[in-house]
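Notes to accompany the following structure.
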Amino acid sequence: EVRLVESGGGSVQAGGSLRLSCTVSGFTVTNYAIGWFRQAPGKEREGVSCFSRNDYSTYYASSVKDRFTISSDNAKNTVYLQMNNLKPEDTAIYYCAYTSLVTVNEIWSSAHWYERWGQGTQVTVSS
């Protein structure tokens, strides 16, 4: 069974940085994608970024592009989300999620397509 464990959340002031980690285990295919999502109180879950192990493509929501960077350490089965220049509106619970789909370019931001989810990690940005 695929399992995802997130870490790295916390509290920072606006303009600060955090790096989230998502370690994946139990997968049986080598091509998969890991997405990062976030959910703020009273809001729907939002796709933030995605890394495709199939072709190493990366995807970003417009709200985080040029501030967040997704990367992967395949030897550690870990996907990172480096978040710079954080803003109060980035405050949310951040989740990583796994999909075995090979092609994700059109669906990466839709939670519907992900099969396994991590437990979430809180990110709080104060002004």
So OG of Ser126 and CG of Leu86: to nearest 0.5 Å the spacing works out to 10.5 Å
Counting heavy atoms not belonging to Trp117, are there more than 12 under 6.0 Å from its CH2? yes
Note: Ile34 and Ile70 closest approach over all heavy atoms is O-CD1, 4.1 Å
Report yes or no: do Tyr56 and Tyr60 belong to one cluster of Ile/Leu/Val/Met/Phe/Trp/Tyr joined by side chain heavy-atom distances under 4.5 Å? yes
Kindly give the heavy-atom pair with the smallest separation between Tyr95 and Gly120, and that separation in Å. CD2-CA, 3.5 Å
State, yes or no, whether a side-chain contact exists between Met83 and Leu20 at a heavy-atom distance under 4.5 Å. yes
Between Ser127 (side chain only) and Pro88 (backbone N and O only), is there a donor and an acceptor less than 3.5 Å apart? no
State whether the side chain of Glu1 and the backbone N or O of Gly26 hold a donor-acceptor pair below 3.5 Å, judged by distance alone. no
State whether the number of non-hydrogen atoms from other residues, nucleotides or ligands found under 6.0 Å of Glu44 atom CD is greater than 12. no
Quick one: does Gln122's side chain have a donor or acceptor within less than 3.5 Å of a partner on Gly9's backbone? no
Could you label the plane-to-plane angle of the Tyr94 and Phe68 rings as parallel, tilted or perpendicular, counting under 30° as parallel and over 60° as perpendicular? tilted
Between Asn77 and Arg53, is a side chain to side chain contact (heavy atoms under 4.5 Å, CB included) present by the stated rule, with each step listed? CA-CA 10 Å; Asn77 294 324; Arg53 180 82 182 269; 4.3 Å; yes
In terms of side-chain heavy atoms, does Ser57 have a donor or acceptor partner in Asp55 at a distance below 3.5 Å? yes
Over all atoms of both residues, closest heavy-atom pair of Leu81 and Ser49: CD1-CB, 4.0 Å
Shortest non-hydrogen separation from Val104 to Ala33 and the atoms involved: CG1-CB, 3.9 Å
Find out whether Trp36 and Val79 are in side-chain contact, i.e. whether some heavy atom of one side chain is under 4.5 Å from a heavy atom of the other. yes
Is Arg116 close enough and on-axis enough to Tyr98, meaning under 6.0 Å and within 45°, for cation-pi? no
Are the side chains of Ile93 and Arg45 in touch, meaning some heavy atoms are under 4.5 Å apart? no
Inter-residue atom distance Gln82.CD - Ser21.OG, 0.5 Å rounding: 9.5 Å
Side-chain H-bond candidate by donor/acceptor type, Ser100 with Glu115, under 3.5 Å: yes
4.5 Å side-chain heavy-atom contact, Tyr32 and Val2: no
Within the 6.0 Å centroid threshold, strictly below: Tyr59 and Phe51: no
Residue pairs, two or more places apart or on separate chains, that pass salt bridge (charged side-chain N to carboxylate O under 4.0 Å, His left out) and touch residues 68-94: Arg38-Asp90, Arg67-Asp90
Would you say the side chains of Thr23 and Thr78 form a donor-acceptor pair under 3.5 Å? yes
Does a side-chain heavy-atom distance below 4.5 Å link Tyr114 with Trp108? yes
Closest non-hydrogen contact found for Phe37 with Ser109 is CE2-O, 3.4 Å
Least distance between heavy atoms, Ser17 atom then Asn84 atom: OG-OD1, 2.9 Å
